[in-house]
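Start at 1 and go down the list; that is how both ligands and their atoms are numbered. Heads up: numbering here begins at 1 and tracks the sequence. Reckoned from all heavy atoms, side chains included, excluding hydrogens, waters and symmetry mates. As the structure is a prediction and not an experimental result, all values here were calculated from the model.
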Amino acid sequence: MIKLLVIGTVAYDSIETPFGKADNVLGGSALHFTNAASFFTDVGIVATVGKDFNLSDIEFLKARNVDLSGIKIDDGKTFRWEGKYGYDLNQAITLKTELNVIETFKPHVPGDFSEADFVFLANIDPVLQSSVIDQIKKPSAVVVLDTMNFWIENKLNELIDVIKRVDMLVINEAELREISKEHNLVKGARKIMAYGPSCIVVKRGEYGVLMLNREEIFLAPAFPLEDVFDPTGAGDTFAGGFMGYIANMGNTSPETLKQAIIMGTVMASFNVEDFSINRLKGLNYAEIRERYSAFKKCLQFGDITLE
Ligand code: AMP
């Protein structure tokens, strides 16, 4: 029985960064998310791929208890994204988005997936995200949403309808500004909370993460790395660490949410060290624990002792 359900893209990406180039490599919001979340909990993916997709490339996830049975193979080509980054690695420039099989996708949530306690609607068409919410059986399920500029610009009304139905939003700062039409992130987040979500997690690339709920604000910087190779998927990997940790704990208490933010940040820091899903594919728990501890040390300081 899975604990965490994700819908999103499973993709082939072509990426150029100042440090190299990778063509037709594994990517997609659901895949990056699952690659991280599966270190902490049992994940089920709902997605579509085309006949050109080599499923054996993601079979390694089964060893981490990922249920791949919700991935549908449809006639046509797999979703493709082409992007590049200049020296500002916070800013992905989309060169091409080919929706392919996504265009006609009708997500079906398998019976046992629909009982999941935690649901992540990764970046994909908001109409598909909505149809997954319709199929969730547990009224108590915690539903979390991500999106990106492509959908804000093409399907804003549909996206707002989904925002009204979720518990939390995990979103990039530029996208929060675009939806809320507020430059200030705190104001923008409060505006979105008025639609319904009780918690907004703002991803700020190398500047870290800002979390707001009705009671408090929590901040975490990014883990200070010397070499960042490819930021693609960092946001989804963050969300995977965040949600995977929450599902593992089985609650959304303030303390769990804060630790989940740190775990998301730790997982994202690994993802950017290599292209595609490669770094997390070979990652182990000792490395995760070591970086979590190193990060905790960076964030500790004493009280003021001034007279
Ligand atoms: P990020 O975590 O924001 O860097 O997400 C990068 C991943 O998002 C890539 O692996 C892409 O395949 C995927 N992606 C790019 N554009 C879209 C889109 N419009 N909808 C869903 N997924 C996308």
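- For residues 207-216, the side-chain hydrogen bond (donor to acceptor under 3.5 Å, both in side chains) pairs, not counting sequence neighbours, are Glu216-Lys258.
- Scanning all heavy atoms of the two residues, the minimum distance from Leu280 to Asn271 falls at CD1-N, 3.6 Å.
- In this structure a side-chain-to-backbone donor-acceptor pair under 3.5 Å is present from Asn35 to Ile277.
- Cation-pi contact between Lys281 and Phe60: present, with separation from the ring centre below 6.0 Å and deviation from the ring axis of at most 45°.
- With Arg80 as the partner, the side chain to side chain donor-acceptor pair (under 3.5 Å) test is satisfied by one option alone out of Thr97, Asp52, Asn100, Asp13: Asp52.
- Taking the side chain as every heavy atom from C-beta outward, Ser130 and Glu158 never approach each other to under 4.5 Å.
- Protein residues are said to neighbour a ligand when one of their heavy atoms lies under 4.0 Å from it; for ligand 1 these are Thr9, Ala11, Asp13, Gly27, Gly28, His32, Phe79, Trp81, Asn123, Met148, Phe150, Trp151, Pro231, Thr232, Gly233, Ala234, Gly235, Asp236.
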